[in-house]
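Below: one structure, written as structure tokens.
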Amino acid sequence: MALTMAATPVSAAAKPKLSKTKLSMTVGDTATLKVKNAAKKEKITWKSNKKAVAAVTAKGKVTAKKAGKAVISATLKNAKKTLKCSVTVKAAAKPEETTQDITAMLAGKSYAGSAEAMGVKMDVLKLTFGDAGAVTGAMLDTTSMQMKEFTGTYTATLSGKTVTITVTAADGTTMTETLTVVKDDFSELSATKTVAGMEIPVTVVEVKE
């Protein structure tokens, strides 16, 4: 009686591979790559082809540095094999600037603005903010080059470093001034006036009694 025995196939050892072959990151993010199925005594060397975009530590920790693309490689010395992971880094989203009403904050403050052109210094802005949105002052009329006085009401908003002041004069006319905050305590602002086709910087300072 003859017995026939079928040979049982021996499964091949699993090949080393990276935990991820692609990474999508945002600047500032971190992620750790691992080599699976590597021999216990295997020596692994990690490297980035663009360290400025994505850096990697000796233990496979990847840090996104700036927007761009990079390739992280893990070289297995004994296995004589190099594994690669493609990394795409996106720029971090900029926080949205919120606009806040600072009408009440300006109440009681007075400002004077001046500019210098061709060696001549001139007044271009005077504002005195009262309670309940009242305002008095004068603004330079760039057509007549004369200061135009007014009395009326105002609203003011702040977005980032930009202050927008809208004045409604007693006669119903509306004027808007856009200023940039120079000092965080609002003691100094700046603006730009177009006079005779020239862009002239204006310095606006708080006037204190």
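Keep in mind it's a predicted model, so treat the numbers as computed, not measured.
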- line: The reported gap from CE in M139 to CD1 in I165 (rounded to nearest 0.5 angstrom) is 7.0 Å
- request: Look at the side chain of T103 and the backbone N and O of A156, then say whether any donor-acceptor pair between them is shorter than 3.5 Å.
  value: yes
message: Are V120 and V202 linked, directly or through intermediate hydrophobic residues, by side-chain heavy-atom contacts shorter than 4.5 Å (ILVMFWY only)?
response: no
With a cut-off of 3.5 Å and sequence neighbours excluded, list every side-chain donor-acceptor pair involving residues 21-38.
| residue | atom | partner | partner atom | Å |
| --- | --- | --- | --- | --- |
| D29 | OD2 | T26 | N | 3.0 |
| N37 | ND2 | K15 | O | 3.0 |

field: Pair listing, side chain to side chain donor-acceptor pair (under 3.5 Å) test, anchored in residues 43-58, at least two apart
entry: none
- prompt: Got a sec, which pairs hit salt bridge (Lys or Arg N to Asp or Glu O under 4.0 Å) with one end in residues 150-164, sequence neighbours left out?
  reply: K161-D184
message: Please tell me whether M175 and L125 are part of a single hydrophobic cluster in this structure, the criterion being side-chain heavy atoms less than 4.5 Å apart.
response: yes
task: Might you confirm whether atom CD of E149 has over 12 heavy atoms from other residues, nucleotides or ligands at distances under 6.0 Å?
output: no
field: Pairs meeting criterion salt bridge (Lys or Arg N to Asp or Glu O under 4.0 Å) with involvement of residues 131-145, two or more places apart
entry: none
message: Taking salt bridge (Lys or Arg N to Asp or Glu O under 4.0 Å) as the cut-off, I'd like each qualifying pair that reaches into residues 67-79, sequence neighbours left out, listed once.
response: none
message: Can you classify the ring geometry of F129 versus Y154 as parallel (below 30°), tilted (30 to 60°) or perpendicular (above 60°)?
response: tilted
Qualifying salt bridge (Lys or Arg N to Asp or Glu O under 4.0 Å) pairs with a residue from residues 165-174, counting only residues at least two apart or across chains: none
